[in-house]
Peer 1: 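Before I ask anything, here is the structure I am working with.
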Protein chains: 2
Amino acid sequence: MTATIKDIAQAACVSRATVSRVLNNSGYVKEETKQKILKIMDELDYIPSDIAKSLSTSKTNTIGVIVPEISNPFFGELIKGISEIATQHDLNIILFDTNNNGDKELKALEILQKQRIQGIILTPTMTESKKNYDYLVKLNNIGIPIVLADGHVKYSNLSGAFIDHVKGGYDATEALIKCGHEKIAIITGSTNSRPAQERLKGYKNALQFYNIPINYDYIFYSDYEYESAYEISKQILEYNDRPTAIFASSNTMVLGCIKALNEYKLRIPEDMSIIGFDKVDVLNIIGMNISFVDGPSLEVGKIVMKMLIEILDNKDNKEIKTVGLSTNLVLKGSEKCLL
Amino acid sequence: MTATIKDIAQAACVSRATVSRVLNNSGYVKEETKQKILKIMDELDYIPSDIAKSLSTSKTNTIGVIVPEISNPFFGELIKGISEIATQHDLNIILFDTNNNGDKELKALEILQKQRIQGIILTPTMTESKKNYDYLVKLNNIGIPIVLADGHVKYSNLSGAFIDHVKGGYDATEALIKCGHEKIAIITGSTNSRPAQERLKGYKNALQFYNIPINYDYIFYSDYEYESAYEISKQILEYNDRPTAIFASSNTMVLGCIKALNEYKLRIPEDMSIIGFDKVDVLNIIGMNISFVDGPSLEVGKIVMKMLIEILDNKDNKEIKTVGLSTNLVLKGSEKCLL
DNA sequence: GTGAAAGCGCTAACAT
DNA sequence: ATGTTAGCGCTTTCAC
């Protein structure tokens, strides 16, 4: 087995307390004995046990991160942001991918509790409906600081950083309107997704502001998957009164939309204008210029991590904080100007 | 603070040992007392400490996973595969993204050692050159089972599962040859990447087998980034004796290649045939049919995890195992038939 | 400056 | 079927 603090102490003819002191650079220890101890540590390939330290100090210096889907680049960026700040503060990350599965999310929370991690950053998978009782009870009584990353949990009141999806939806729609479009379809996420609801609201707000009547035949509910967006897009293209523009309000759904357009041999933007939501790197790389609303995922990651650290440094302050983040409209020319 | 096993024992008027027994379903305990204890655990919101358990049992049931770049879908899939098997065996995962940074990789190894994790799955970032001495020493003396996931480490001898990149390169090149191409360019990864070397070797082997002389002007060294692949592709397109096909041997590099072709208004495959390496989901989704060599990333993940579990279950057996995995050529029509 | 000793929360012989 | 007890490897208060 590996050497323990006891072995080091014996070999150096000092007490374990002294070894512990040099380990943590705490308290006084004569330079000479310090050097001796360090030398012996090296010789014996000593590696301190974080487990024992955690048990002793009641601090694990580890946080849990729970996301619905790692492979979605939005969360990849989010994690990168979290990771960057965490590393700066010597915090480790235990990561859980729930695969959009609420039960896995609950399970993850339970594991993290047992692991005695210091805090949790969570993007919940069940944002609205599904009033899973066990889940809410767990979340509200978990006794570990939680910060939400761009995902609300109904019936609970937690700190977090949230992207302004209403503004994002508004901006995208407004951009199309300003190009002269009036027949604008939206493919939105499922009704129990709050971001989806908000993006839709932004869409409606923009239309109202510009006095364009809302045509409910132009509002399509998808499920964030490209397949359904593809089917819906085909449906849109078959319309008698075909829209001139489509706001495909997620990075996956815009792909389904593009696929449908390709199949119908329709060009972007000559034959159909489109705007997406969230960046799709590959499209930009290959030079396919699709305008989109950019959600600051990396920044959200950094901010939530900073918020969590502040909470950890300031345990007594139980106040709930909420940070709003604005989206950024990136126009690449996939919206045709009709004026 | 949270309740401990001691609190439960006192409240239930039993010893801590008995509580521990119901906790682990081990040994005998009367149904009646068991129920009483469970009830009290529930009332007191008892959550056992994995930390204390780990210290006591010298088992953390946690493994470390180190990858060079989470956002690359290849590693996303890999992690999914690992995760799936790990969950089945109640193993937790601590994830490290080294961002292709060798120092971070070394740091990750050190943290994992201190965390007393049971084993490591590693895709090293520094496959060939950079004979970082500290790193090798660490790797060879770490005292924790390591399984490599499709990445070799020179001067070390570790178990792992590896994709047959030679065959992948061969298959791609052969497919082009069989379509009648003779002037085939390859954009390969950096010379210190073993997979890149192997893919190149496959390319050469195929040419030789079909008696096509190797033209070293057609071999281009990139760095796995799309930008350089883009620059190289433009260079290729400017050639007097322009190749009729390009084998862009990674998922990022094929994008740079496509970008260049788009800029030159060249159609695939009418004006240029291309084959990539590793799948790019987005391309398939939007209906852009690019042929590619598919590396079984998900399967690699599952296999390495299973290998690691076997090692953990069988500590005395120190034999080094190596599993080879074949690639799969997926033809989508981006190679024009000249015959 | 350094040591002794108790304790963090749990497990696992060994007793009974 | 249950209790006793000695650890696991480290920190930390209080003495000296």
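By convention in this document, chain letters (A, B, ...) are assigned in the order of the sequence lines, proteins followed by strands, and residues within each chain are numbered from 1. The figures here come from the full heavy-atom set of this structure, side chains too, leaving out hydrogens, waters and symmetry mates.
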Peer 1: Return the nearest nucleotide to the side chain of B/Ala17; candidates are D/dT2, D/dT4, C/dC10.
Peer 2: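 Per side-chain heavy atoms of B/Ala17, the pick is D/dT4.
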Peer 1: For C/dG9 and B/Thr4 - does any side-chain N or O of the residue sit under 4.0 Å from the phosphate oxygens OP1/OP2?
Peer 2: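 False: B/Thr4 side-chain N/O out of range (4.0 Å or more) of C/dG9 OP1/OP2.
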Peer 1: Using heavy-atom distances to pick each residue's nearest nucleotide on DNA chain C, tell me which of A/Val14 and B/Ser26 is more 5'.
Peer 2: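 Going by which nucleotide is closer to the 5' end, it is A/Val14.
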Peer 1: I'd like to know if B/Lys39 and B/Glu43 make a salt bridge, using a cut-off of under 4.0 Å between side-chain N and carboxylate O.
Peer 2: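 Judged by the 4.0 Å cut-off on N to carboxylate O distance, B/Lys39 and B/Glu43 do form a salt bridge.
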Peer 1: NZ of A/Lys59 versus C1' of C/dC8: gap in Å, rounded?
Peer 2: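 Value for this atom pair: 15 Å.
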Peer 1: For B/Cys13 and B/Thr57, find the nucleotide of DNA chain D closest to each by heavy atoms; which residue's nucleotide sits nearer the 5' end?
Peer 2: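 Its nearest nucleotide lies further toward 5', so the answer is B/Cys13.
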Peer 1: Measure across A/Gln118 and A/Thr60 and return the closest heavy-atom pair with its distance rounded to 0.1 Å.
Peer 2: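 Residues A/Gln118 and A/Thr60, closest heavy atoms: OE1-N, 2.6 Å.
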Peer 1: Distance-only, no hydrogens or angles: does the A/Glu69 side chain make a donor-acceptor pair with backbone N or O of A/Asp97 under 3.5 Å?
Peer 2: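 No; zero donor-acceptor contacts below 3.5 Å.
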Peer 1: Please classify the nucleic acid contact of A/Thr33 as base, sugar-phosphate, or nothing, using heavy-atom distances under 4.0 Å.
Peer 2: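 Sugar-phosphate, no base atom in range.
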Peer 1: Rounding to an integer number of Å, can you tell me how far B/Leu55 CG sits from D/dA6 C1'?
Peer 2: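 The distance from CG of B/Leu55 to C1' of D/dA6 comes to 13 Å, rounded to the nearest Å.
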Peer 1: Would you say the base of D/dG9 and the side-chain of B/Arg116 have a donor-acceptor pair closer than 3.5 Å?
Peer 2: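 Under the 3.5 Å cut-off, the side chain and the base do not form any donor-acceptor pair.
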Peer 1: Is any side-chain N or O of B/Ser56 under 3.5 Å from a base N or O of D/dG7, one able to act as donor and the other as acceptor?
Peer 2: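 It does, because a donor-acceptor pair links the side chain of B/Ser56 to the base of D/dG7 below 3.5 Å.
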Peer 1: Please state how far atom CD1 in B/Ile5 lies from atom C1' in C/dC8, giving the value in whole angstrom units.
Peer 2: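 For the pair B/Ile5 CD1 and C/dC8 C1', the rounded distance is 13 Å.
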Peer 1: Mind calculating the distance between CD1 (A/Ile37) and C1' (C/dG3) to the nearest angstrom?
Peer 2: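 Nearest whole value for this atom pair: 12 Å.
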Peer 1: Distance check needed: C/dG9 P versus A/Gln113 CD, whole Å only.
Peer 2: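 The distance from CD of A/Gln113 to P of C/dG9 comes to 16 Å, rounded to the nearest Å.
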Peer 1: Would you say A/Tyr28 reaches C/dG3's phosphate, i.e. side-chain N/O to OP1/OP2 under 4.0 Å?
Peer 2: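 The answer is no; no side-chain N or O of A/Tyr28 sits under 4.0 Å from OP1 or OP2.
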Peer 1: Rounding to a whole Å, what distance do you find between A/Arg16:CZ and C/dT2:C1'?
Peer 2: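 Value for this atom pair: 14 Å.
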Peer 1: Looking across every strand, which nucleic acid part, if any, lies under 4.0 Å from A/Ser20 by heavy atom: base, sugar-phosphate, or nothing?
Peer 2: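 Since a base atom lies under 4.0 Å of A/Ser20, the category is base.
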Peer 1: As a quick check of understanding, evaluate side chain to side chain donor-acceptor pair (under 3.5 Å) for A/Asn92 and B/Lys114, giving each step before the final call.
Peer 2: CA-CA 12 Å; A/Asn92 293 126; B/Lys114 291 202 280 190; over 6 Å; no
Peer 1: Heavy atoms from C-beta onward define the side chain here; which of C/dT11, C/dG3, C/dC10 lies closest to that of B/Asn24?
Peer 2: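 The listed nucleotide nearest to B/Asn24's side chain is C/dT11.
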Peer 1: Measure CZ/A/Arg21 against C1'/D/dC14 and give the value in whole Å, please.
Peer 2: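 Atom-to-atom, A/Arg21 to D/dC14, this comes out as 11 Å.
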Peer 1: Within the 4.0 Å heavy-atom criterion, would you say A/Val19 contacts the bases, only the backbone, or no part of the nucleic acid?
Peer 2: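 The residue A/Val19 makes no contact with any strand.
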Peer 1: In plain terms, say whether A/Asp50 and B/Arg116 are close enough for a salt bridge, that is, a side-chain N and a carboxylate O under 4.0 Å apart.
Peer 2: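 Between B/Arg116 and A/Asp50 there is no salt bridge, as every charged N stays at least 4.0 Å from the carboxylate O atoms.
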Peer 1: Would you kindly give the CG-to-P distance between B/Leu23 and D/dT2, to the nearest whole Å?
Peer 2: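 To the nearest whole Å, that distance equals 15 Å.
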Peer 1: Is there a side-chain polar atom (N or O) of A/Ser58 under 4.0 Å from OP1 or OP2 of C/dC8?
Peer 2: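 For C/dC8, neither OP1 nor OP2 has a side-chain N or O of A/Ser58 closer than 4.0 Å.
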